[in-house]
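I have placed the structure first, in the form of structure tokens, so that the comments after it can refer back to it.
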Amino acid sequence: SAVRGDLVSWFNGEEAEQGALPSYLLRVDTLIDQLKPRLQQLQGITGRSNAMVACYPGGGARYVRHCDNSCDAGSGNRCNGRR
């Protein structure tokens, strides 16, 4: 798109054709499960959304620091609705 220069996709960890990504996501899930009994901050985690993966193909495409949600109530024209 004219706004994004990267290529983005979302993965749930069950895509066998994605090389090491499913193994990595399983490790992250396992780490959270193992830390949950020890860290109060993790007690509310009951699952994970799909992992967003971005590829920056060159030609000026790069990561630019940003905030996906700039809203407090979870709705409105400045909110992406994920809260």
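Residues Asp6 and Ala61 share a closest heavy-atom pair of N-CB, 4.5 Å. Residues Leu42 and Ile32 share a closest heavy-atom pair of CD1-O, 4.3 Å. Here the shortest heavy-atom pairing between Pro22 and Gly13 reads CB-O, 3.1 Å. In this structure, Met52 and Val8 approach most closely via the heavy-atom pair CG-CG1, 3.7 Å. For the pair Gln34 and Arg38, the tightest heavy-atom approach, listed with the atom from each and the gap, is O-NH1, 2.8 Å.
The same ILVMFWY cluster, assembled from side-chain heavy atoms under 4.5 Å apart, contains both Leu31 and Leu39.
Remark: the backbone N or O of Gly60 is paired with a side-chain donor or acceptor of Arg62 at under 3.5 angstrom. No donor-acceptor distance shorter than 3.5 angstrom exists from the side chain of Glu15 to the backbone of Phe11, with no hydrogens or angles considered.
With sequence neighbours excluded, the residues that form a side-chain contact (heavy atoms from CB on, under 4.5 Å) with Asp29 are Arg48. In terms of the side-chain contact (heavy atoms from CB on, under 4.5 Å) criterion, Ser49 has no residue partners (sequence neighbours excluded).
Taking CD of Gln43 as the start and CG of Leu35 as the end, the distance is 10.5 Å to the nearest 0.5 Å. The distance from atom CG of Leu26 to atom CG of Leu21, rounded to the nearest 0.5 Å, is 11.0 Å.
No more than 12 heavy-atom neighbours from other residues, nucleotides or ligands sit within 6.0 angstrom of OH on Tyr24.
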